[in-house]
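Every value quoted in this text rests on a predicted model; they were computed, and no experiment measured them. Numbers here are sequence positions counted from 1.
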Amino acid sequence: MPITVLLVDDEPLVRAGLRAVLEAQPDIEVVGEAADGAAVIPLVRRLRPDVVAMDVRMPLMDGIEATRALLRTVPEPPKILVVTTFENDEYVYEALRAGADGFLLKRARPAEIVHAVRLVAEGESLLFPASVRRLAAEYGNGDDEDGGNRAARALLERARLTEREAEVLRLMARGLSNAEIAARLVVGTETVKSHVSAVLAKLGSRDRTQAVVVAYESGFVAPG
């Protein structure tokens, strides 16, 4: 079955470019388009895409609010890939905190766009880990007004990760895939998948991106 994708961007040329790149792949199908985040929920409910590739900045509802609304209201939501012009952007980090699974630069090469969609759909590795570290270093340090970092530290303490689960979380934060973690720890891939699932469940994270954000914001992993 192909990976199905919904494109959401207020610029028709961007949508057309992404569609052309993705539909050139035999394993990817673009099933719909929208010009604003406000249209995402009804389209997701109707089309059931595997991945939503969504601009972070749009006039009516931006990618951050659309991500929050989607995860709040749609059972078994799709993976969310934020599309952005600027890599080092607080909007991108807020989208990741809201539940997006990764981000993609609009200037990315076709091969990078295809790789990002496939990687996010698979969910077994962190997309652009070095960039996530840079974002965490700039925007994840220091307690914000709602106590975000204090909350992350408290969440990690309550999770009571085992020593092996903590080791797996550190390797996830470095961007290692399940297969790479298995090789590093000299265990089977299925064992790693079990540990990753346990980490996500204990942290209440829907995928490894949100778990890694918690790891950085709590200070468990240094973003530098």
- Message: Rounded to the nearest 0.5 Å, what separates atom CD in E190 from atom CG in N178?
- Response: 9.0 Å
- In this structure, CE of M61 is separated from OG1 of T67 (nearest 0.5 Å) by 10.0 Å
- Item | Flag side-chain contact, heavy atom, 4.5 Å: T84 against D55 | no
- Can you find a pair of side-chain heavy atoms, one from R206 and one from P77, that are under 4.5 Å apart? yes
- Message: So, using salt bridge (Lys or Arg N to Asp or Glu O under 4.0 Å) as the criterion, who are the partners of E180 when residues are at least two apart?
- Response: none
- Message: Looking at every heavy atom in both R107 and T85, which two are closest together, and how far apart are they?
- Response: NH1-O, 3.3 Å
- Message: Please report the interatomic distance CD1(I28) to CD(E23), rounded to the nearest 0.5 Å.
- Response: 10.0 Å
- Task: Flag the pair E124 / V196 as yes when at least one side-chain heavy-atom distance between them is below 4.5 Å, and no otherwise.
- Result: no
- Task: Without swapping roles, check the side chain of T191 against the backbone of V187 for a donor-acceptor pair under 3.5 Å.
- Result: no
- If you look only at pairs with a residue in residues 106-131, which of them pass as a ring-ring contact (aromatic ring centres under 6.0 Å, His included), with sequence neighbours excluded? F103-F128
- Query: For R118 and Q25, does a side-chain donor sit closer than 3.5 Å to a side-chain acceptor?
  - Reply: yes
- Query: Would a 4.5 Å heavy-atom cut-off, applied to side chains only, mark T209 and V120 as touching?
  - Reply: no
- Measuring from R97:CZ to L135:CG, what's the distance to the nearest 0.5 Å? 12.0 Å
- Partners passing salt bridge (Lys or Arg N to Asp or Glu O under 4.0 Å) against E29 (at least two apart in sequence or in another chain): none
- Contact check, side chains of L176 and R184, non-hydrogen atoms, under 4.5 Å: yes
- Message: Looking at V132, is its backbone amide N or carbonyl O close enough to the side chain of Y216 to form a donor-acceptor pair, meaning the two atoms are under 3.5 Å apart?
- Response: no
- Heavy-atom distance under 4.5 Å between the side chains of V52 and L81, does that happen here? no
- Message: Under a 4.0 Å threshold between the charged nitrogen and the carboxylate oxygen, would E167 count as salt-bridged to R170?
- Response: no
- Message: The test is side chain to side chain contact (heavy atoms under 4.5 Å, CB included); show your working for I64 and V56 and say whether it passes.
- Response: CA-CA 6 Å; I64 300 170; V56 73; 4.2 Å; yes
- Item | Crowding at CZ, R57 (>12 non-hydrogen neighbours, <6.0 Å) | yes
Just list the side-chain donor-acceptor pairs under 3.5 Å for residues 3-13, sequence neighbours left out, or say none.
from: T4; atom 1: OG1; to: D50; atom 2: N; distance (Å): 2.9
from: T4; atom 1: OG1; to: D50; atom 2: OD2; distance (Å): 3.0
from: D9; atom 1: OD1; to: E11; atom 2: N; distance (Å): 2.8
from: D9; atom 1: OD2; to: K106; atom 2: NZ; distance (Å): 3.2

- Begin with the C-alpha distance, continue with both residues' side-chain angles, and end with the deciding distance and a verdict on side chain to side chain contact (heavy atoms under 4.5 Å, CB included) for L126 and M172. CA-CA 7 Å; L126 186 68; M172 288 166 55; over 6 Å; no
- Task: Quick one: closest heavy-atom pair of A100 and V82, and the distance?
- Result: CB-CG2, 3.6 Å
- Task: Kindly indicate whether the side chain of L169, heavy atoms from C-beta on, has any atom under 4.5 Å from the side chain of L161.
- Result: yes
- Item | Residue list, side chain to side chain contact (heavy atoms under 4.5 Å, CB included) with V21, at least two apart or on another chain | P110, I113, V114
- Item | Interatomic distance, S131 atom OG to L105 atom CG [nearest 0.5 angstrom] | 7.0 Å
- Any donor-acceptor N/O pair, D62 side chain to E65 backbone, under 3.5 Å: yes
- Message: Is the shortest side-chain heavy-atom distance between M1 and D27 below 4.5 Å?
- Response: no
- What is the distance from atom CG of L171 to atom CZ of R208, rounded to the nearest 0.5 Å? 10.0 Å
- Pair listing, side-chain hydrogen bond (donor to acceptor under 3.5 Å, both in side chains) test, anchored in residues 196-205, at least two apart: E165-K202
- Item | Expected output: side-chain D36 to main-chain L60 donor-acceptor under 3.5 Å | yes
- Give the minimum heavy-atom separation between L104 and A108, together with the two atoms involved. CD1-CB, 3.8 Å
- Query: Counting only N and O atoms by type, is there a donor-acceptor contact under 3.5 Å from the side chain of E122 to the main-chain atoms of L119?
  - Reply: no
- Could you walk me through whether Y93 and V213 pass the side chain to side chain contact (heavy atoms under 4.5 Å, CB included) test, one step at a time? CA-CA 9 Å; Y93 192 66; V213 167; 3.8 Å; yes
